[in-house]
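Each remark here refers to the structure printed beneath this line.
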Protein chains: 2
Amino acid sequence: MEDTSSLGQFEQLVLTAVLSLGDNAYGVTIHQKVEVLNHPKAAALGAVYVTLDRLEDKKLIASKLSDPTPERGGRAKRFYRLSEKGERALKDAAATARRMCDVLESSWGEGAWKPVRTR
Amino acid sequence: MEDTSSLGQFEQLVLTAVLSLGDNAYGVTIHQKVEVLNHPKAAALGAVYVTLDRLEDKKLIASKLSDPTPERGGRAKRFYRLSEKGERALKDAAATARRMCDVLESSWGEGAWKPVRTR
DNA sequence: TCATTATACATACAATGTTGGACATATGGA
DNA sequence: TCCATATGTCCAACATTGTATGTATAATGA
């Protein structure tokens, strides 16, 4: 009975990054993915970590610490994955985003995909 | 040199509503449109007005007060329209939303609308 | 003039966004 | 050995947005 909360803009991007990265989702890669999505706006690494923390508090993602890798500076990484709750929340957010895009495209007539007006 | 601000989730919906309503965009109609976009989540009317104020402060929209209409309770309405700056900001936001949707759809494979894979 | 309707606006608080840097741990080379 | 450097995590403070709830204004019709 507390399912009413909706995701913020940045939260959506972070969740999307986690989902799309599969089993390689940790701070640095998530940050990179978010920057691609959010282009041309930059995102601070710290912002990503803060958001990951909050999403984990809300049980939308879960994490586990890995073993360190044998690279220069290869510190232990914390890997994330979506929970079912997170997946549901992201689906809702995506549906809204989609509705918005559709309305905008029809208002702007960016119609590469629209029915061709023959004549 | 202060063009870095990005739109929040609700701001995007409000701007979209204003754009799509053309010359009939005022508090009540905007609220209705936003609720459609944001379904199934409800939005308070007050939230819409607050957001409109803030968007106007940021010069993303402009408003003018109309004459009252001769209906029961027909108080003067404040009509809104997007500024050029607002249109640009909304386009940026839409591009990000679109990228997100694309990534999600390809992660989930929800392809009903996708280019038909002929055989 | 008073109840009712439609609309706008105000205030306060909660949630999210953003910055900047501190901390931790590994490697490689002087 | 020990320090410079690379990879990563996390915290604290502040700024911006989101949301709920209440108040104000102006018109109509009884």
Side-chain angles (χ1 to χ4, degrees), chain A residues 2-15 17 21 24-32 34-35 37-38 41-58 60-61 63-80 89 93 96, chain B residues 2-15 17 21 24-32 34-35 37-38 41-58 60-61 63-80 89 93 96:
Chain A
E2 31 56 34
D3 208 11
T4 325
S5 84
S6 77
L7 300 169
Q9 182 65 18
F10 201 71
E11 290 178 314
Q12 295 180 204
L13 296 179
V14 169
L15 285 180
L21 285 165
N24 192 35
Y26 68 99
V28 174
T29 53
I30 294 170
H31 176 231
Q32 289 166 351
V34 165
E35 289 221 305
L37 289 170
N38 206 30
K41 224 184 155 302
L45 229 199
V48 171
Y49 283 107
V50 170
T51 301
L52 285 169
D53 277 0
R54 289 171 182 167
L55 289 172
E56 189 161 25
D57 284 348
K58 292 196 284 183
L60 299 181
I61 54 180
S63 74
K64 69 172 204 287
L65 214 53
S66 75
D67 295 326
T69 54
E71 311 161 60
R72 181 89 131 105
R75 188 185 168 180
K77 298 165 187 168
R78 180 175 295 280
F79 286 97
Y80 291 91
T96 291
Chain B
E2 29 58 32
D3 208 14
T4 326
S5 83
S6 78
L7 299 169
Q9 182 64 19
F10 201 70
E11 290 179 314
Q12 293 179 206
L13 297 179
V14 168
L15 285 180
L21 284 165
N24 193 36
Y26 68 98
V28 173
T29 54
I30 294 169
H31 176 232
Q32 289 166 353
V34 166
E35 290 220 304
L37 289 169
N38 206 30
K41 225 185 154 306
L45 227 199
V48 171
Y49 283 109
V50 169
T51 301
L52 286 169
D53 277 0
R54 290 170 182 166
L55 290 172
E56 188 161 25
D57 285 348
K58 292 194 286 182
L60 299 181
I61 53 177
S63 74
K64 69 171 205 287
L65 214 51
S66 74
D67 294 326
T69 53
E71 312 160 60
R72 183 92 131 106
R75 186 182 169 181
K77 297 167 186 164
R78 180 174 298 278
F79 287 96
Y80 290 90
T96 291

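Reminder, nothing fancy here: chain letters follow the sequence lines and each chain counts from 1.
- Contacts with DNA chain C (heavy atom under 4.0 Å) in residues 50-58 of chain B: B:Val50, listed by number.
- One atom, CZ of B:Arg78, and another, P of C:dA6, lie 21 Å apart when rounded to the nearest Å.
- Computed from coordinates, the A:Asp67 CG to D:dG8 C1' distance equals 15 Å when rounded to whole Å.
- Counting to the nearest Å, the P atom of D:dT17 and the CG atom of B:Leu13 are 15 Å from each other.
- Contact annotation: B:Lys77 does not reach the phosphate of D:dA26 (side-chain N/O to OP1 or OP2, under 4.0 Å).
- Summarising the geometry, the separation between CD on A:Gln9 and P on C:dT16 is reported as 13 Å, rounded to the nearest angstrom.
- Taking atom CG of B:Asn38 as the reference point, atom C1' of D:dT19 lies 12 Å away to the nearest angstrom.
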Mind running side-chain contact (heavy atoms from CB on, under 4.5 Å) on B:Leu65 and B:Phe79 for me, showing each step along the way?
CA-CA 6 Å; B:Leu65 214 51; B:Phe79 287 96; over 6 Å; no
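- Listed candidates were C:dC9, D:dC10, D:dG18. Nearest to the side chain of B:Tyr80 is C:dC9.
- Residue B:Asn24 contributes atom CG, which lies 16 Å from atom P of C:dA6 at whole-angstrom precision.
- A:Glu11 meets the side-chain hydrogen bond (donor to acceptor under 3.5 Å, both in side chains) test with A:Lys58; sequence neighbours excluded.
- Contact check, B:Tyr26 against C:dT7: a side-chain N or O comes under 4.0 Å of OP1 or OP2.
- Here the C1' atom of nucleotide C:dT16 and the CG atom of B:Leu7 are 15 Å apart, to the nearest Å.
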Enumerate the protein-to-nucleotides 23-29 of chain C contacts in which both atoms are nitrogen or oxygen and the separation is below 3.5 Å.
residue, atom, partner, partner atom, Å
C:dA24, N3, A:Arg75, NH1, 3.2
C:dT27, O2, A:Arg72, NH1, 2.5

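- Evaluation of the salt bridge (charged side-chain N to carboxylate O under 4.0 Å, His left out) test over residues 43-54 of chain A, restricted to residues two or more places apart or in two chains, returns none.
- Base engagement by A:Gly46 is indicated by at least one non-hydrogen atom pair under 4.0 Å involving a base atom.
- At least one side-chain heavy atom of A:Leu60 sits under 4.5 Å from a side-chain heavy atom of A:Leu7.
- Between A:Lys41 and B:Thr96 there is no side-chain heavy-atom pair separated by less than 4.5 Å.
- Remark: A:Thr51 pairs with no residue by the side-chain hydrogen bond (donor to acceptor under 3.5 Å, both in side chains) rule, at least two apart or across chains.
- Between A:Tyr80 and A:Leu21 the shortest side-chain heavy-atom distance does not fall below 4.5 Å.
- Side chains of A:Glu56 and A:Ser63: a donor on one and an acceptor on the other come within 3.5 Å.
- Rounded to whole Å, atom P of D:dA15 lies 19 Å from atom CZ of A:Phe10.
- Across all strands, B:Tyr49 comes closer than 4.0 Å to base atoms (heavy-atom distances).
- Nucleic acid contact class of B:Leu45 (heavy atoms, under 4.0 Å, all strands): none.
- Judged as a side-chain hydrogen bond (donor to acceptor under 3.5 Å, both in side chains), and not counting sequence neighbours, the contacts of A:Glu71 are A:Thr69.
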